[in-house]
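Working notes, structure below.
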Amino acid sequence: IYTYNSLIHGFCNLGRMEEAVKVLNEIKSEGFSLDIVLFGTIINGFCKKKEIDKAMAYFHDLIDLGLKPNKIVYNSLIGGYCREVNISKAIELFDDMKSKGIVPNNVTYCTLMHGFCKAGQIEDAKKIFKTMKETGLKLDVVSYTTIINGYCEMGQMEDARKLFDEMLSNNILPNKLTYTVLIQGYNKTGEREKASGTFNEMVERGIVPDSFTYNSFVLGFCESGKIGDVAKVFDEMSERGFELD
RNA sequence: UACGAGU
C-alpha cells in the first residue's frame, strides 16, 4: 500500500489525476481498503490542481468509510480553498478541524496566512501570526517567510525588515526563499540599493541563489534601465554554471 | 508512504 501511495503521489505531482484515481481504484478492486494516507495523497493532489470539489468529494468518502480526517487532510483542504481565495470556506474547515479537537500546526497557520495575503487581507494574516506566537508554536523559517512576503507584497519594507531581524534574533536562519521575497519587495518599492545589499548579504551567508533569486534580482535592474548591470549578473550566472533560459 | 513560503 506504501508502494501504491508513492505511485499515486507521483501522478499527483505531475498533475495527472486521472491516472492517480485509476491507481486508487485498482487498490480497491484488489481488495485492499483505503487508508487515511491514501486519501490524504489524492485529496492534496486535487487541491493542488484547483479541483477542490473533487477533493471535498473524497473528504466525504473517507468519512463515510468511517475514517477520521486528520491534520494533514484538513491542511490540504484549507490550502485548496486558499488557492482559489475562498477564505470563508478555508476558515470553515479550520473551525471544523478545531471542533474535532485537532490542534492546528505550523502548516495550518502558514497556509491560512498565505491565503489571507493572497486575498490582500494582510491584517488578518498578522492576526494569525500573532496567534501562532501566543499559542507557543515554534515558528520556523516558513512561518517567517510567509508573513514577510505578505509585508513585501504590500511594499511595507520597514516592517518586513523588522520581522527579518526578529527571525534572526530567534535563531531562525533565513534561506534563499526568504531573501528572494525581500529582494522582490525592495524591487517593488524601487529601493535598488537595498535589493542589491540583500542579495550580497545572502551570498555572504553562503546561501546559493537559484534562478528565482537571480530573476528577481535582475528584474530590479531592468526596471531601472541598468542594462549593464543585467549583463554583469548574467556573466556571474554563467560563471556559476547557470544555464540562462 | 500524504500537508505550508519565492520569479
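Any value given below was found using the heavy atoms of this structure, including those in side chains, with hydrogens, waters and symmetry copies removed.
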Return the nearest nucleotide to the side chain of [X]; candidates are [options].
X         : options             : answer
Asn175(A) : G6(B), C3(B), A5(B) : A5(B)
Val181(A) : C3(B), G6(B), U7(B) : G6(B)
Ser216(A) : U7(B), A2(B), C3(B) : U7(B)
Asn5(A)   : C3(B), G4(B), U1(B) : U1(B)
Asp210(A) : U7(B), G6(B), C3(B) : G6(B)
Val142(A) : U1(B), G4(B), C3(B) : G4(B)
Ser6(A)   : G6(B), U1(B), A5(B) : U1(B)
Leu177(A) : A2(B), U1(B), G6(B) : G6(B)
Thr180(A) : G4(B), C3(B), G6(B) : G6(B)

Legend entry - G4(B) base / Asp140(A) side chain donor-acceptor hit below 3.5 Å: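 Between G4(B) and Asp140(A), which were checked side chain against base, a qualifying N/O pair under 3.5 Å is present.
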Inset, instruction - Check if the side chain of Thr213(A) and the base of G6(B) share a donor-acceptor pair of N or O atoms closer than 3.5 Å. - result: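 Check passes, donor-acceptor contact within cut-off.
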Using a 4.0 Å heavy-atom cut-off, does [X] contact any base of the nucleic acid, only the sugar-phosphate backbone, or nothing at all?
X         : answer
Asn106(A) : base
Ile36(A)  : base
Thr178(A) : nothing
Thr146(A) : sugar-phosphate

Inset, instruction - Determine: side-chain N/O of Lys118(A) to OP1/OP2 of G4(B), distance under 4.0 Å, yes or no. - result: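 Answer no for this pair, as no side-chain N or O of Lys118(A) is under 4.0 Å from OP1 or OP2.
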Rounded to whole Å, how long is the line connecting atom [atom1] of [X] with atom [atom2] of [N]?
X         : N     : atom1 : atom2 : answer
Phe59(A)  : C3(B) : CZ    : P     : 18 Å
Met132(A) : A5(B) : CE    : C1'   : 11 Å
Leu139(A) : G4(B) : CG    : P     : 18 Å
Asn13(A)  : U1(B) : CG    : P     : 15 Å
Leu219(A) : G6(B) : CG    : C1'   : 13 Å
Lys176(A) : U7(B) : NZ    : C1'   : 13 Å
Glu153(A) : G6(B) : CD    : P     : 8 Å
Leu24(A)  : U1(B) : CG    : P     : 19 Å

Inset, instruction - Indicate, with yes or no, if the rings of Tyr144(A) and Phe129(A) have centres closer together than 6.0 Å. - result: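 Centroid separation for Tyr144(A) and Phe129(A): below 6.0 Å.
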Legend entry - Pair Tyr74(A) and Phe59(A), ring centroids less than 6.0 Å apart: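 Judged by ring-centre distance (under 6.0 Å), Tyr74(A) and Phe59(A) do meet the cut-off.
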Legend entry - Taking every non-hydrogen atom, the tightest pair across Ser216(A) and Gln184(A):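 That would be OG-OE1, 2.9 Å.
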Flag the pair [X] and [Y] as a salt bridge only when some basic side-chain nitrogen lies within less than 4.0 angstrom of an acidic carboxylate oxygen.
X         : Y         : answer
Glu19(A)  : Lys22(A)  : no
Glu191(A) : Arg161(A) : no
Lys162(A) : Asp165(A) : no

